[in-house]
Structure formats: C-alpha cells, structure tokens
Amino acid sequence: MRLTVWIAAAVFLIDQISKYLVVEVLDLAHYGAIDVLPPWLNFRMAWNQGVNFGLMAGEDDLTRWGLVVLSLVISGWVWVWVSRSGRQSPRMLAAAGLLIGGALGNVIDRVIYGAVADFLNMSLPFWENPFSFNVADIAIFFGAVGLVMFSGEDKAKSAPKPDKAKARR
C-alpha cells in the first residue's frame, strides 16, 4: 500500500500547489480568466459547489459538508477495498492512489473555500469548452477508470510469465 500512499500524497500536493499558485498568486479569483496557450489551454476560474459538471450543486452547508463526508467515505472505502488483499497489482494500487489523492484535494477546497476551485480549461479552435477542471479532477477520473480496468488483476496475474521453453533447458 506504500505505492498508494505515495501517489495519493503526490497528487494531493500537486493539486493543492497548483490551486494556490493559480488562484492566489496569479489572482485568478479576481481576474476570472487568463489565456495561457489559447485556445488549447486557458485558466478560467470556476467555483464548483457540486461534483463533476456541477451536478448536485447547492449553496447550503448541508450540500457542502455532505459532499465532504461522501468524498471521505468513498476514499476510505477504496482504501479498505484495495488493502484487503496483499495481492493487488501495482496498477490497481496506483489507481487507488490517484482517486484518493484527488478526492482529498477537493475535500480541502470544500473545507477552506466552500467549493472546489476549478481553473483548467482546454478548448479547440472551432469549439470553446464551457467547463473548467483541476488536477484533482484529472486524478479522480483516471483513478476511477484504473480501478475498473485493473480490479480483477493481482500481482500474480500482472507479473511477467516465465518462458516455458527456457525453463525446460
């Protein structure tokens, strides 16, 4: 589970440092938008009070703290699920670390700001993306996909198999 802890800690730190630099140092909360490499990469400030794409958004404290508790419960459940067997593959442990680190990064935002600080916006020359996201969101997405893809995999299955022809010699 050390791999899970290291990846979760790295994601958490990268997420929180990037949010601090963009929201506080670059003062994106004040400016609202900064074009970095338009249209490919822009900073667009969005305070997400819900989950992905603003689902379950609400300005009341019940929603805010409910989402904090939900994130913590899901993170704890993923930790227990992955740690219950010592045979999890490194890919499964890494996916769990991505999801847990991202979820905890967004929990800190909800506690400090009352909403998640989203600022990354990627568009195309012919299409302007109306949504913003953050490093934690990316990690949560890839962590969830990884957990689904690698959930049946264990160390024995992911280890390289010995060449039978060489073994007979």
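Bear in mind that the values here come from a model prediction, so they are computed numbers and not experimental data.
- Here the side chain of Asn121 pairs a donor or acceptor atom with the backbone of Phe131 at under 3.5 angstrom.
- Within the 4.5 Å cutoff, the side chain of Thr4 has heavy atoms near those of the Trp79 side chain.
- Considering all non-hydrogen atoms of both residues, Val107 and Ser71 come closest at CG2-CB, 3.4 Å.
- Other residues, nucleotides and ligands place more than 12 heavy atoms under 6.0 Å from the OH atom of Tyr113.
- With values rounded to the nearest 0.5 angstrom, Leu99 atom CG is found 8.0 Å from Ile74 atom CD1.
- Criterion: ILVMFWY side-chain heavy atoms under 4.5 Å apart, direct or through other members. Under it, Val11 and Met1 are part of a common hydrophobic cluster.
- When the side chains of ILVMFWY residues are joined at heavy-atom separations under 4.5 Å, either directly or via intervening members, Ile17 and Trp6 end up in two distinct hydrophobic clusters.
- Between Leu72 atom CG and Arg110 atom CZ the span is 10.5 Å, to the nearest 0.5 Å.
- Across Leu104, Ile112, Asn106, a single residue satisfies side-chain contact (heavy atoms from CB on, under 4.5 Å) together with Ile108, and that is Ile112.
- Using modelled atom types, one side-chain atom of Asn134 and one backbone atom of Ala117 make a donor-acceptor pair closer than 3.5 Å.
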Step by step, would you call Leu93 with Val82 a side chain to side chain contact (heavy atoms under 4.5 Å, CB included)? CA-CA 7 Å; Leu93 296 172; Val82 171; 3.4 Å; yes
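- Taking CG of Leu3 as the reference point, atom CE of Met92 lies at 12.5 Å (rounded to 0.5 Å).
- Heavy-atom neighbours of Glu24 CD from other residues, nucleotides or ligands within 6.0 Å: above the threshold of 12.
- Distance check: Asp137 CG to Phe142 CZ gives 12.0 Å after rounding to the nearest 0.5 Å.
- Cluster annotation: Val148 and Phe141 are assigned to distinct hydrophobic clusters (Ile/Leu/Val/Met/Phe/Trp/Tyr, side-chain heavy-atom contacts under 4.5 Å, transitive).
- In terms of hydrophobic clustering, with Ile, Leu, Val, Met, Phe, Trp and Tyr side chains grouped at heavy-atom distances under 4.5 Å, Val73 and Ile100 are assigned to different clusters.
- In this structure, Trp65 places its CH2 atom where more than 12 heavy-atom neighbours from other residues, nucleotides or ligands lie under 6.0 Å away.
- Taking CZ of Phe43 as the reference point, atom OH of Tyr31 lies at 14.5 Å (rounded to 0.5 Å).
- Counting heavy atoms from C-beta outward, Trp127 and Pro39 have side chains that stay 4.5 Å or more apart.
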Using side chain to side chain contact (heavy atoms under 4.5 Å, CB included), reason through Ile34 and Phe119 one step at a time and then give a plain yes or no. CA-CA 10 Å; Ile34 299 172; Phe119 61 89; over 6 Å; no
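- Heavy-atom minimum distance, Val78 versus Ala96: CG1-CB, 3.9 Å.
- Trp40 and Val22 are not part of a single hydrophobic cluster, where members link through side-chain heavy atoms under 4.5 Å apart.
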List the steps, then state whether side chain to side chain contact (heavy atoms under 4.5 Å, CB included) holds for Phe133 with Ile138. CA-CA 8 Å; Phe133 53 94; Ile138 297 167; 3.7 Å; yes
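- The backbone N or O of Asn129 sits less than 3.5 Å from a side-chain atom of Ser123, completing a donor-acceptor pair.
- The two residues Ala139 and Gly102 have their closest heavy-atom pair at CB-CA, 4.4 Å.
- A donor-acceptor distance shorter than 3.5 angstrom exists from the side chain of Gln16 to the backbone of Gly105, with no hydrogens or angles considered.
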Working for side chain to side chain contact (heavy atoms under 4.5 Å, CB included), residues Ile7 and Phe12: CA-CA 8 Å; Ile7 290 176; Phe12 178 82; over 6 Å; no
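- Formation of a donor-acceptor pair under 3.5 Å by the Asp15 side chain with backbone atoms of Ala136 is found in this model.
- A distance of 4.5 Å separates CG of Asn42 from CG of Asp35, quoted to the nearest 0.5 Å.
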